[in-house]
Number of protein chains: 2
Amino acid sequence: MSSNVPMLDTVHQNPPPDPPATPIELMDQLARVAAAYYRHFAAAAAGRGLTLMQGKTLSLLTRPRSMRALAGLLSCDASNVTGIVDRLEGRDLVRREPDPADRRVKNIALTDEGERTVRSIRADLMSGLTALEQLSDQDRTTLRALLDRAFPDTAVPPA
Amino acid sequence: MSSNVPMLDTVHQNPPPDPPATPIELMDQLARVAAAYYRHFAAAAAGRGLTLMQGKTLSLLTRPRSMRALAGLLSCDASNVTGIVDRLEGRDLVRREPDPADRRVKNIALTDEGERTVRSIRADLMSGLTALEQLSDQDRTTLRALLDRAFPDTAVPPA
DNA sequence: GCACATTGCTTGACATCCTCAACCATTGAG
DNA sequence: CTCAATGGTTGAGGATGTCAAGCAATGTGC
């Protein structure tokens with residue numbers, strides 16, 4: 001993969017100037033990037049016998065979350081989350097816990113097995129995105145800042 | 001949406017320097033960006049009574065493509081594309097055409113209505129991604145270059 | 001030119017995902 | 001205390017997704 005093209009220190013020092021990128025071009029490029037990202041993610045999840053959606057759901061459980069919160073993060077109907085969590089619970093990757101403060105609420109938490117699975121998916125995902133490691137610190141920092149500005153509502157992740 | 005926060009000319013003039021971004025942070029940010037992008041796309045497609053997958057499929061038909069090519073671009077089984085194309089054909093958004101050179105092959109092309117629908121989805125999508133328009137030409141060009149390097153296989157789209 | 005392998009697409013079976021409506025238990029508002 | 005709203009689930013129905021199998025067509029090798 002790694003050619004002998006010299007690593008750029010900063011992109012603004014790139015010699016032959018590219019024609020300026022239009023919003024439409026970036027929109028289309030982001031479509032391809034999103035597709036490529038999910039392809040890698042789906043492959044990592046499939047490696048553990050999980051679907052893309054199951055992998056996504058597990059990855060969102062950085063801390064216990066309610067069914068409603070998961071539905072919001074997954075942008076789907078709450079009833080859909082019931083089924084997804086059923087299947088993950090059946091695999092002993094998550095568990096439903098009652099909320100002490102509100103008996104309507106169920107909180108979903110990873111099991112130990114679920115945590116191991118998430119770590120494993122992330123490791124596979126990272127090894128499939130080697131080009132991110134090949135960027136310089138400067139470039140990654142610039143990329144993060146630009147993506148933050150292009151997608152302001154994704155800038156601060158819920159812990 | 002548009003606050004009175006002054007627009008930065010270039011990110012490298014950003015005063016307080018950010019801590020460097022790690023590959024893992026970028027990986028996670030790309031997950032959020034991909035999710036946000038698809039959320040916008042799904043909303044644009046739903047505005048025309050289409051699912052995300054139907055919208056994606058139509059968007060890939062910048063020129064007629066075989067069922068096999070679509071399956072590859074959508075990263076799914078060929079039999080799944082049969083069903084997706086059935087539903088789009090039923091809406092008169094695409095048509096199946098035999099390939100003159102190989103009678104096994106069916107080429108899928110947009111109808112006039114399909115082309116109008118794609119233009120409409122793209123316009124909605126663009127208007128949902130206003131932050132891309134608010135970046136300077138310099139920033140968009142930098143972002144494109146960095147995404148090209150982060151995802152080398154998405155750099156040159158099939159026409 | 002023929003036999004066999006491979007390919008492209010479809011069908012069928014089955015699982016997962018997704019929305020919508022309706023329901024019940026629970027909490028919030030007035 | 002009554003009514004509204006919320007959280008989660010169930011059920012119905014449609015879309016997506018994989019896998020195996022089948023058929024028509026093309027490719028390969030002799």
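Numbers restart at 1 for each chain; the letters A, B, ... are given by sequence-line order, proteins then strands.
Following rounding to the nearest Å, B/D86 (CG) and C/dG12 (P) show an atom-to-atom distance of 12 Å. A straight line from CE of A/M67 to C1' of D/dT10 spans 12 Å, rounded to a whole angstrom. Between A/N80 atom CG and D/dG7 atom C1' there is a gap of 16 Å when expressed in whole angstrom units. The interatomic distance linking A/K106 (NZ) with C/dA25 (P) rounds to 13 Å, in whole Å. Taking atom NZ of B/K56 as the reference point, atom P of D/dA15 lies 17 Å away to the nearest angstrom. Rounded to an integer number of Å, the gap from B/D77 CG to C/dT16 C1' is 15 Å. Protein atom CG of B/L70 is 17 Å distant from nucleotide atom C1' of C/dT7, rounded to whole Å. For A/L52 and D/dT18, the CG to C1' distance is 14 Å, given to the nearest whole Å.
Using cut-offs of 30° and 60° on the angle between ring planes, the pair A/Y38 and B/Y38 is parallel.
Note on A/R103: only backbone sugar-phosphate atoms sit closer than 4.0 angstrom, heavy atoms only; bases stay farther off. Looking at heavy-atom distances under 4.0 Å, A/T82 makes contact with a base. When heavy atoms are screened at a 4.0 angstrom cut-off, B/D102 is found touching the sugar-phosphate backbone but no base atom.
A donor-acceptor contact under 3.5 Å is not formed by the side chain of A/S79 with the base of C/dC18.
Distances shown here put a side-chain N or O of B/T51 below 4.0 Å from the OP1 or OP2 atom of D/dT16.
Linking ILVMFWY side-chain heavy atoms closer than 4.5 Å, directly or via other members, places A/L52 and A/L129 in a single hydrophobic cluster.
Salt bridge A/R95/A/D112: absent, no basic N to carboxylate O contact under 4.0 Å.
Between D/dG8, D/dT16, D/dT9, one nucleotide has an atom nearer to the side chain of B/R87 than all others, and that is D/dT16. Listed candidates were C/dT27, D/dT18, C/dC18. Nearest to the side chain of A/M53 is C/dC18. Of all nucleotides listed (D/dA15, C/dT26, D/dT26), C/dT26 comes nearest to the side chain of A/R104.
The closest side-chain heavy-atom distance from B/L93 to B/L110 is not below 4.5 Å.
Rounding to the nearest 0.5 Å places CD of B/Q29 at 10.5 Å from OG1 of B/T22.
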